[in-house]
Amino acid sequence: MKDYIMALDQGTTSSRCILFDRKGTVISKAQKEVKQIYPKPGWVEQDPKEIWASQYAVLKEAQAARDISSGQILGIGITNQRETTIVWNRYTGEPVYNAIVWQCRRTAGQIEQLCRDGLASYVTSRTGLIPDAYFSAAKISWILDHVPGAREEAEQGNLLFGTVDTWLIWKLTKGRVHVTDYTNASRTMLFDIEKLCWDKKLLNYFRIPESMLPQVRKSSSIYGYTDADLMGAGIPIAGAAGDQQAALFGQCCFEKGEIKNTYGTGCFLLMNTGADRIVSGHGLLTTIAACDGDSIQYALEGSVFAGGSAVQWLRDGMKLFQQSEQSESFARRVKDSNGVYIVPAFSGMGAPYWNPDARGTIVGISRGTLKEHLIRATLESVAYQVRDVIEAMREEAGVALDRLKVDGGASANNFLMQFQADITGSPVYRPDCIETTALGAAYLAGLAVGYWKSKSDIRANWQLNCKFTPNMKSADRDDLLKGWRRAVSCALFWAQEENS
Ligand SMILES: Nc1ncnc2c1ncn2[C@@H]1O[C@H](COP(=O)(O)OP(=O)(O)O)[C@@H](O)[C@H]1O
Ligand SMILES: O=P(O)(O)OC[C@H](O)CO
C-alpha cells in the first residue's frame with residue numbers, strides 16, 4: 001500500500017490539506033475559504049473555531065477523495081498564516097476572542113507607545129523585528145486588556161496563547177500538546193532569536209504571563225500524535241513552520257543566499273542567510289528559517305502586506321470579476337495601465353516603508369480610465385511592491401539577485417510574473433508545484449519520520465514549470481518606476497493626521 005505525507009496549510013485566505021508522495025507530487029488536495037471579519041476600518045479578525053472546522057473538514061475531504069486511510073499517512077506537517085493570535089481557555093478549549101489576524105492594525109497605538117518608551121532598538125536586537133502591529137505581542141496584550149476578565153484569567157494560568165500552528169496542534173491532539181516551532185515563535189515579537197527563549201523584558205512590558213506561551217521546538221520534530229477519535233489513528237505531527245519559512249524550505253532554498261518570493265494574501269520575499277543573523281538597515285526583518293537539523297538558520301525577510309488580497313478586493317469589494325484568475329485576461333486587454341497607479345496600502349505598508357499611516361490610493365485616473373486599467377494597475381502594484389523589497393535586499397545583502405523563485409496562489413498569473421521579471425530586470429522561475437508552502441511543511445514532517453532521508457532527496461523534486469525572462473527596455477522601466485514612487489509618496493502618511 002502506498003504511503004504519503006499530509007500537509008495542513010492554514011493560510012489567510014483558506015485552509016488547505018494536501019497529500020504528497022515521495023516525488024513531492026500532489027496526490028490529493030482539498031481547500032475551503034475562511035471568512036474574513038472586518039469589524040472596523042483597519043481591523044481584521046477570523047473565527048478560531050471556523051479555522052479549525054475548515055482545516056479538519058479539508059483534511060477529511062482530501063483523504064476521502066483518494067480513499068486514503070490514516071494508516072497510509074506517515075506524518076503530518078503544519079504550516080500557517082503567521083502572527084495571527086488566538087487566546088483560549090486551557091480547560092474548556094474555548095477561544096476568549098476572535099483570532100486577531102496579522103493584517104490587523106488595531107494595536108498601532110501600542111507600538112507607537114513602545115517606540116516612545118525607547119524600546120524599539122531593544123525589540124530589533126532581541127527579536128530581529130521592526131516594532132509593528134503586525135506581530136503577535138501587542139495583539140495578545142490587546143485581548144488581555146479588552147476582554148472582560150481575561151487578564152485575571154491569564155494571571156491565574158487559565159489561558160493559553162497560540163499562533164495558528166499551536167491552535168491546530170492543540171485541537172489535533174485534543175488539548176494534550178501546547179507547542180510551537182522556532183519560525184512561528186520568531187514572529188511573536190516576544191522571542192529572543194539568538195538565545196532561543198521567550199524574552200522576559202518584553203513579556204513584562206506587554207504584561208503577558210509566561211504560562212500562556214507554548215513550548216518552542218525545532219520545525220522538523222515529532223510534536224505529538226493525532227487523537228485517535230479524530231483520525232482513527234495516532235499519526236505523528238512531525239513538522240511545523242510559518243508559511244513563509246515553509247515555502248523557503250519547499251523551494252529548496254537550503255543554502256545561504258537562496259531566495260524565494262511567495263504571492264499569497266501578502267507577498268513575502270525571504271533569503272536564507274545561514275548561521276548569520278543580519279540586522280537590516282533597509283527595512284527588512286531578521287527571522288528564523290525552517291531547517292531539519294539541530295543548528296539554527298536565519299533569513300532576511302521583506303514583508304508586503306497586500307498582494308493577492310488586492311486582487312481579492314477587486315473581486316469581492318469592487319466586484320470587477322468573479323474569479324481571481326480572470327484578472328489576467330482583463331489586464332491583457334489593455335496595453336498599459338494608462339497612467340493609473342494603485343497603491344494597495346489597505347492596512348499600512350510593510351517593507352521597506354513600515355508606515356502604519358499609509359492607506360490605499362488610486363492616482364492618475366482620467367476620463368479614459370477603464371476597468372481593465374484598474375485591474376492591470378492592481379496587478380502591477382503587486383510587482384512594484386515586490387520590486388521595492390528586492391531592491392532593499394540587493395542593497396542590504398549585496399547580492400545580485402539574478403534569479404527569483406516564486407510560488408503561492410497569485411504566482412499562477414502569467415501576466416503578473418512577466419511584469420515582475422520586466423520591472424525587476426531579473427528572470428522569474430516558477431516551479432511545477434506552486435503549493436510550495438504545503439510542500440515545505442510536508443518535507444519538514446517527512447524528514448522527521450524518515451519518509452525522505454535527506455535534503456538531497458528533496459532537491460531532486462524541484463522542477464521548473466516556466467521561466468519568465470525580462471523583456472522591457474530599461475528606459476521604459478525607469479519611467480514606470482518614477483510614477484510608482486510618486487504614487488507611493490501619495491499613499492504614505494495618509495492617515496497620520498486622522499490618527500494624531
Ligand atoms: N490567478 C491569479 N491571479 C491573481 N491573483 C490570484 C490568482 N489566483 C489566486 N490569487 C490570489 O492569491 C491569493 C490566494 O493565494 P494563496 O497562496 O492561497 O494565499 P494564502 O496562503 O494567503 O491563503 C488570493 O488573495 C487570491 O486573490
Ligand atoms: O496567508 P499568506 O500566505 O499571505 O501568509 C501570511 C503571512 O504568514 C503573514 O506573515
Side-chain angles (χ1 to χ4, degrees), residues 7-16 18 29 31-34 36 44 46 51 54-55 58 79-85 101-104 129 132-136 139 163-165 183-184 186-189 241-248 250 260-270 285 287 301-318 320-332 344 346-347 350-351 375-376 378-383 406-417 419-420 430 433-441:
L8 303 181
D9 178 1
Q10 208 301 304
T12 316
T13 318
S14 69
S15 296
R16 261 169 294 191
I18 305 185
K29 173 176 167 179
Q31 179 167 4
K32 206 170 164 44
E33 281 215 4
V34 174
Q36 315 289 320
V44 190
Q46 288 174 358
I51 290 177
S54 60
Q55 194 63 71
V58 293
T79 183
N80 53 290
Q81 52 170 316
R82 307 165 303 166
E83 301 95 13
T84 295
T85 296
V101 175
W102 58 276
Q103 297 155 310
C104 187
L129 306 174
D132 197 85
Y134 172 28
F135 307 107
S136 315
K139 299 182 198 295
T163 38
V164 172
D165 54 319
T183 68
N184 275 296
S186 73
R187 314 298 297 186
T188 57
M189 216 171 81
D243 53 7
Q244 303 311 322
Q245 287 95 331
L248 190 70
K260 69 86 201 181
N261 189 49
T262 301
Y263 299 78
T265 304
C267 292
F268 300 88
L269 185 93
L270 269 75
L285 307 174
T287 201
E301 171 174 324
S303 328
V304 171
F305 293 159
S309 63
V311 179
Q312 225 175 1
W313 166 72
L314 293 180
R315 186 192 73 181
D316 303 340
M318 298 292 103
L320 295 187
F321 42 76
Q322 278 152 3
Q323 308 286 340
S324 294
E325 46 269 35
Q326 289 172 282
S327 59
E328 177 165 351
S329 54
F330 279 111
R332 286 188 190 281
F346 302 132
S347 47
I375 296 170
R376 185 167 174 132
T378 302
L379 289 175
E380 290 181 355
S381 77
V382 177
V406 298
D407 55 71
S411 74
N413 190 308
N414 291 331
F415 167 80
L416 172 59
M417 293 302 102
F419 191 76
Q420 187 71 76
R430 185 174 63 198
C433 178
I434 58 168
E435 294 285 5
T436 318
T437 300
L439 186 58

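Every number for a ligand or one of its atoms is a count from 1 in the order of the listing. All values reported here derive from a predicted model rather than from experimental measurement.
At a heavy-atom cutoff of 4.0 Å, ligand 1 is contacted by the side chain of Ser327 but not by its backbone. Residue-level proximity to ligand 2 for Thr12 is carried by backbone and side chain together, each with a heavy atom below 4.0 angstrom. At a heavy-atom cutoff of 4.0 Å, ligand 2 is contacted by no atom of Arg187, backbone or side chain.
Distance alone, capped at 3.5 Å, places no donor-acceptor pair between the Thr163 side chain and the Thr84 backbone. Counting only distance, with no hydrogens or angles, the side chain of Ser324 and the backbone of Val311 share no donor-acceptor pair below 3.5 Å.
For a threshold of 3.5 Å applied to N or O pairs, the pair formed by Gln31 and ligand 1 contains no separation below that value. For the pair Gly266 and ligand 2, the shortest N or O to N or O distance falls below 3.5 Å. Looking at ligand 1, you'll find an N or O of Gly308 within less than 3.5 Å of one of its N or O atoms. The shortest N or O to N or O distance between Gln81 and ligand 2 is not under 3.5 Å. For Gln244, a nitrogen or oxygen atom sits less than 3.5 Å from a nitrogen or oxygen atom of ligand 2, counting backbone and side chain alike.
The heavy-atom pair separating Gly250 from Leu439 by the smallest distance is O-CD2, 4.1 Å. Pairing each heavy atom of Ala331 with each of Arg376, the nearest pair is O-NH1, 3.3 Å. Closest approach of Ser15 and Ile51 over heavy atoms only: OG-O, 3.9 Å. Across all their heavy atoms, Gln103 and Phe305 have their closest contact at NE2-O, 4.3 Å.
For ligand 1, the atoms sitting less than 4.0 Å from at least one non-hydrogen atom of Thr13 are 19 (O), 20 (P), 22 (O), 23 (O), numbered in the order shown with element in parentheses. Remark: ligand 2 atoms within the under-4.0 Å shell around heavy atoms of Tyr134 are 9 (C), 10 (O). If you number the atoms of ligand 1 from 1 as listed, the ones under 4.0 Å from a heavy atom of Asn413 come out as 3 (N), 4 (C). Near Thr265, meaning under 4.0 Å from any of its heavy atoms, are these atoms of ligand 2: 1 (O), 4 (O). Within ligand 1, counting atoms from 1 as listed, the ones closer than 4.0 Å to a heavy atom of Gly11 are 21 (O), 23 (O). Distances below 4.0 Å separate heavy atoms of Ser14 from the following atoms of ligand 1: 23 (O).
With respect to atom 15 (O) of ligand 1, the closest heavy atom belonging to the protein is Gly409 CA, 3.4 Å. For atom 2 (P) of ligand 2, the nearest non-hydrogen atom of the protein is Asp243 OD2, 3.4 Å. Nearest to atom 22 (O) of ligand 1 among the protein's heavy atoms is Thr265 OG1, 2.4 Å. Scanning the protein heavy atoms around atom 5 (N) of ligand 1, the nearest turns out to be Ala410 CB, 3.5 Å. Closest to atom 9 (C) of ligand 2, if we only count protein heavy atoms, is Glu83 OE1, 3.3 Å.
Remark: among candidates Gly307, Ala438, Ser324, the nearest residue to atom 27 (O) of ligand 1 is Ser324, based on non-hydrogen atoms. Of the candidates Gln326, Gln81, Glu325, it is Glu325 that places a heavy atom closest to atom 2 (C) of ligand 1.
Of the N and O atoms on the side chains of Thr265 and Ser309, not one donor lies less than 3.5 Å from an acceptor on the other residue. For the residue pair Asp407/Thr262, the side-chain donor-acceptor check at 3.5 Å is satisfied.
Under a 4.0 angstrom heavy-atom cut-off, Arg16 registers as being in contact with ligand 1.
Proximity of Cys267 to Val382: side-chain heavy atoms (C-beta onward) are separated by under 4.5 Å at one or more points. At least one side-chain heavy atom of Asn414 sits less than 4.5 Å from a side-chain heavy atom of Arg430.
Of the residues Asn80, Ile18, Thr437, the one that meets the side chain to side chain contact (heavy atoms under 4.5 Å, CB included) test with Asp9 is Thr437. A side chain to side chain donor-acceptor pair (under 3.5 Å) with Gln244 is found for one member of Arg187, Glu301, Lys260 and no other, namely Lys260.
Rounding to the nearest 0.5 Å gives a distance of 14.5 Å between NZ of Lys32 and CZ of Arg16.
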